[in-house]
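Within every chain, numbering begins at 1; the chains are lettered A, B, ... in the order of the sequence lines, protein sequences first and strands thereafter.
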Amino acid sequence: MMQTELIVLANEKIADQTIEMQLGLNSDNLGTEVQKFVPGQFLHVKVGEADTTMLRRPISIADVDGNGNITIIFKISGRGTDMLSKQTAGSRIDALLPCGTGYPVDNLNLDTALLIGGGIGVPPLYYLGKTLAARGTRIISILGFQKADHVFYKEKFAELGESIIVTDDGSYGEKGFVTDCLKEMDIDFDCFFSCGPTPMLQAVTNKLTGRHGYISVEQRMGCGIGACYACVVPAKSGTGFKKICKDGPVFAANEVSL
Amino acid sequence: MMQTELIVLANEKIADQTIEMQLGLNSDNLGTEVQKFVPGQFLHVKVGEADTTMLRRPISIADVDGNGNITIIFKISGRGTDMLSKQTAGSRIDALLPCGTGYPVDNLNLDTALLIGGGIGVPPLYYLGKTLAARGTRIISILGFQKADHVFYKEKFAELGESIIVTDDGSYGEKGFVTDCLKEMDIDFDCFFSCGPTPMLQAVTNKLTGRHGYISVEQRMGCGIGACYACVVPAKSGTGFKKICKDGPVFAANEVSL
Amino acid sequence: MISLETKLPGLDLKNPIMPASGCFGFGREFSELYDLNKLGAVVIKAATLNPRYGNQTPRVAETAAGMLNSIGLQNPGVETICSEELPFLSQFKTPVIANVAGSTIEEYVAVAKRLDESGLIQALELNISCPNVKEGGVQFGKDPVLAAEVTAQVKETVALPVYVKLSPNTADIVQMAKAVEAGGADGLSMINTLTGMQIDLSSKKPLLANQTGGLSGPAIKPVAIRMVYEVRQHSGLPIIGMGGISAAEDVLEFLIAGASAVAVGTANIHDPFACVNIIDRLPQLLEKYGFQNVEEAIGGGNRNEANVSRS
Amino acid sequence: MISLETKLPGLDLKNPIMPASGCFGFGREFSELYDLNKLGAVVIKAATLNPRYGNQTPRVAETAAGMLNSIGLQNPGVETICSEELPFLSQFKTPVIANVAGSTIEEYVAVAKRLDESGLIQALELNISCPNVKEGGVQFGKDPVLAAEVTAQVKETVALPVYVKLSPNTADIVQMAKAVEAGGADGLSMINTLTGMQIDLSSKKPLLANQTGGLSGPAIKPVAIRMVYEVRQHSGLPIIGMGGISAAEDVLEFLIAGASAVAVGTANIHDPFACVNIIDRLPQLLEKYGFQNVEEAIGGGNRNEANVSRS
Ligand SMILES: Cc1cc2nc3c(=O)[nH]c(=O)nc-3n(C[C@H](O)[C@H](O)[C@H](O)COP(=O)(O)OP(=O)(O)OC[C@H]3O[C@@H](n4cnc5c(N)ncnc54)[C@H](O)[C@@H]3O)c2cc1C
Ligand SMILES: Cc1cc2nc3c(=O)[nH]c(=O)nc-3n(C[C@H](O)[C@H](O)[C@H](O)COP(=O)(O)OP(=O)(O)OC[C@H]3O[C@@H](n4cnc5c(N)ncnc54)[C@H](O)[C@@H]3O)c2cc1C
Ligand SMILES: Cc1cc2nc3c(=O)[nH]c(=O)nc-3n(C[C@H](O)[C@H](O)[C@H](O)COP(=O)(O)O)c2cc1C
Ligand SMILES: Cc1cc2nc3c(=O)[nH]c(=O)nc-3n(C[C@H](O)[C@H](O)[C@H](O)COP(=O)(O)O)c2cc1C
Ligand code: FES
Ligand code: FES
């Protein structure tokens, strides 16, 4: 984990209030480091100074390309993401990276992976899907968005495999929640991977109890590196706890109590 | 007095850490209003948001041109003036204006005016000198600066009349303080006008006790409009007080206790 | 149409926004900028029995998301206020709340009485919390017994509703609130400033001539919200909330925490149109968060906690 | 060469900068970013007798120039801290100060004793000021008699120097300082956080699960400076100053106000290199303001006030 300045290479609006940002490294030496970043890990981004925005914002790694450039996708949902969205090509962004523990892709040997994402939980699943697909895993994705103009990366996920999109109001794809799809369809998969708001994760893990799977958990964070205890989640086994920013954000589905 | 947005027309460094900035009005209707601004009045400038810089910065009007454009000259001496110095052509600046009571130029009929300025107290004297000169008054100015690279507007003051420049270290003009010049020279004048740091004003008023004159007083300000009582100075006559931002910053030399 | 009306003892407010005492003088300067009829009420600068010059300058310093002031209750004295300032304000259809300070109970009572008799104000705000002058009532603000006593004596003398302005420089704000409630207060104003200091690195001394000053502005908002919320759980008195309000969102935070109206102080210094901008924005914001009117938002956060006791 | 060395009871510091308790865990994470030998000292997260899970999440909120936290003294318990965390820190040539919390005097004493016996720390910091757990010692921080008592009993039990960490949520910080001085404290740490709250407009409830949290960051610096300055006038105890430090200028402000060393809390969360950046910048800044070394700057603002009494 390191602190570095990333350089904004591109800033594009890809859906309502949703920005895709390409970030480059300020040193070539780091390129190979970035290649080792694991899907599910995140950047902890300083979006302003202490007087405007004291806390860093956690944003998932949505992709890493062959040059070590990083893609993030985020929704403008408050002051910090609004400030971040105004950073254009050439701006420098202070980030801690890579933060947290991602999906254990190296230890998995899967035929079929089911990705279940909701809203701003979708971005890390793209990097995950791409990584798994490159290893020959078949990818099925179910992605939920609020409505049509919130949808992004539909083509990109379609390229990875079968992809179903649902919207809360049916304005794009199926109407309903991702869990409705789980109910209706009889999908064959070895392992599921889910990222999205906590109520969605609860619904998904309830529906898929007993299945092998991983979830990525959200929480308000302080340090983002495991030092402040802001972001804990109770471990399912007894009285312990896990730090989302360090032990997570990815946990085995049966590891933590949501 | 009004609140308005001024548009930065030009931003030029004219001496060490010293910026000359041209500000235009965002509406043509105000042009004639600005022509009425009195030398010695100031702008109360919002240099950032409440979380970075809560208090506005008072900056004197250094000139007003025929189009109603305003010139300010300021020294970068802290966070606020540093932020202000970064505003380039096209930026908009929220200002209260005109603030305070200026030199009573309309009520004066002078043969010779002596302007005594120090450092960032020099700017308002330029607008004063220009206004008086236009009415046929002979202008003599004594301007003090720290050292050579702090000097600005020497040609402009020379155009107005006789102009003596002193620096603390003698690196430009005479070595010493403005009061040294007062001592050495036998200047004939009807009225003096002084603006600069409080110790200088004290020295000047001591030296020129009994002479007809005006001084412009500095103090840390809150509202800048007379509502908060941050900026008072004791009146010489007994127990009263004056608000620098409203009754001043210009006072008759014997009106207030420094 | 979202209604902004709210009622407090003695005050029928067209909207819950008023400038806080000390940041608005006696209204004259602001009346050059906008129509004071737009305001819910006006709270004037503290009045004392005799004119006060206040502290030495410098009196203000800028801090992170806030400021320090050590004005020291400068004011022309209650007599001049009644004869010269209040008549000016009475041209507006906006209730006036007079902030009262003193060094002794007798002074509080005398000032309150004079203001009451003037017939030109609608409520009193007892400032038992000015941190900037030793004899500025701050001892009343730290001691619940004294606080109750000064409240009771003023209440005995005047017919006007009495709001007591509490200091945040206390370990137990609820105790103070209950004390003045027992003393007969009609409402609470909270909070005044937190005592703070800034060191000037060049002179190696406190920047303010008075050494300490009162911290205000967004920096203190979390403390103010906490105190309003806590007091609301334990006292039935209506609260005029303040401390760091600079946007309509902040007003809503105070209303939900339990304030029935709010005062805006420091924000006026940063932006003299702060109050009117907030008033203009408030209806839209209430609507966004599902409130039909201001009354509905008040205490919105405490609904589930049920019993607001009157103990 | 400007010397940054400063001496406090039990602590020979190579520089006056240490991370504040709770913002640095037990140092492991930060040791991945820089060499902890650079620090003047390390203050570890609060230790209690048994492991504590702490409060529910969310536990942090952002405020104007600050943040609220309601961690609630989560820690693995003093036993695990001694066996697993302190040995890690002892590889560095940097003194370790252990922050001690408890619900009873007995718990404070037991935790302090265990830490003392470990031989792995250089000083204790009694946290009698955590606002985030009812049984977190906060009652000790509000009551001078209890504060003196817990200090005295810990002092009786341990050989290590004892610093007592004071809460700013009090009407009279000097009284608290004098009480713990009388109880035998070797030094003071000040300040802990101010109790605050944020309302989440969407849910219409306090954002933090614990409702209230501790306000820290630049927002509170003026309160901290004032308290350090006031206490310095009335107590001879050395002070570790903290509250809102994010730059070397802030450190100098604390030193001049009367602190002998400082702790940096929230700034580490904003920028994990905050402490080392400040340490790097400090010599140049001391020079700029005419100080030959850190010792000279301490209390620089109080020189004319003369007699720092020991009463
Ligand atoms: C591990 C992790 C990965 C994430 N990845 C992404 C991503 O790839 N794309 C994306 O759009 N969003 C992502 N989020 C959510 C993102 O962090 C929040 O939307 C963002 O912090 C909101 O900041 P703001 O300034 O816009 O909102 P504000 O409301 O101004 O934020 C105030 C504070 O609350 C925190 N906060 C508010 N909402 C959230 C939230 N949902 N989760 C965590 N903290 C929050 C902020 O970080 C900040 O500290 C992720 C969150 C986590 C924990
Ligand atoms: C009526 C008046 C007219 C002025 N005209 C000019 C001018 O034309 N050109 C110019 O360069 N300067 C002028 N000044 C001084 C100018 O206001 C300060 O230099 C400026 O406010 C410093 O702000 P800062 O952010 O750079 O410093 P900081 O130290 O960051 O300021 C912190 C706070 O202190 C206040 N402050 C600091 N120094 C002064 C000071 N000398 N006077 C008043 N407030 C101060 C600031 O306004 C701010 O509130 C004038 C001051 C007054 C009172
Ligand atoms: C410059 C200034 C002067 C003040 N004068 C008074 C006063 O005379 N009486 C009083 O009760 N409060 C006074 N206050 C406190 C404010 O009324 C208010 O309680 C406090 O500033 C918190 O609100 P804010 O953060 O919106 O400023 C003053 C505050 C400031 C900044
Ligand atoms: C996340 C967090 C956790 C904290 N935990 C503790 C703690 O365990 N013990 C303690 O004495 N203080 C704790 N504090 C208080 C800090 O040590 C410090 O006193 C306070 O935050 C003020 O300093 P700052 O403004 O630099 O953060 C904590 C503060 C924060 C922000
Ligand atoms: S955010 Fe600090 S421990 Fe996770
Ligand atoms: S600055 Fe407010 S009265 Fe002058």
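- When only modelled atom types and interatomic distance are considered, C/S167 and C/N192 share no side-chain donor-acceptor pair under 3.5 Å.
- In this structure, C/T151 contributes its side chain and C/A147 its backbone to a donor-acceptor pair below 3.5 Å.
- The residue among C/P222, C/G290, C/A219 with the most heavy atom pairs within less than 4.5 Å of chain D is C/P222.
- A cation-pi arrangement is present between C/K204 and D/F291, with the terminal nitrogen or guanidinium carbon under 6.0 Å from the aromatic centre and inside a 45° cone about the axis.
- Comparing D/P218, D/A61, D/S202, D/A171 by how many heavy-atom pairs each has under 4.5 Å with chain C, the most go to D/A171.
- Proximity to chain D involves both the backbone and the side chain of C/L201, based on heavy atoms less than 4.5 angstrom apart.
- For a residue to count as touching a neighbouring chain, one of its non-hydrogen atoms must lie under 4.5 Å from one of that chain's; by this rule C/S203 does not touch chain D.
- In terms of heavy-atom pairs under 4.5 angstrom with chain C, the leader among D/I225, D/T63, D/I220 is D/I225.
- Proximity to chain D involves both the backbone and the side chain of C/L252, based on heavy atoms less than 4.5 angstrom apart.
- Of all the listed residues (C/L285, C/T170, C/I173), the one sharing the greatest number of non-hydrogen pairs under 4.5 Å with chain D is C/T170.
- With D/S216 as reference, D/T266 is the one residue of D/N69, D/T193, D/T266 to meet the side chain to side chain donor-acceptor pair (under 3.5 Å) rule.
- Residues D/V264 and D/A267 share a closest heavy-atom pair of CG1-CB, 3.6 Å.
- No donor-acceptor pair under 3.5 Å is formed between the side chain of C/D271 and the backbone N or O of C/N268.
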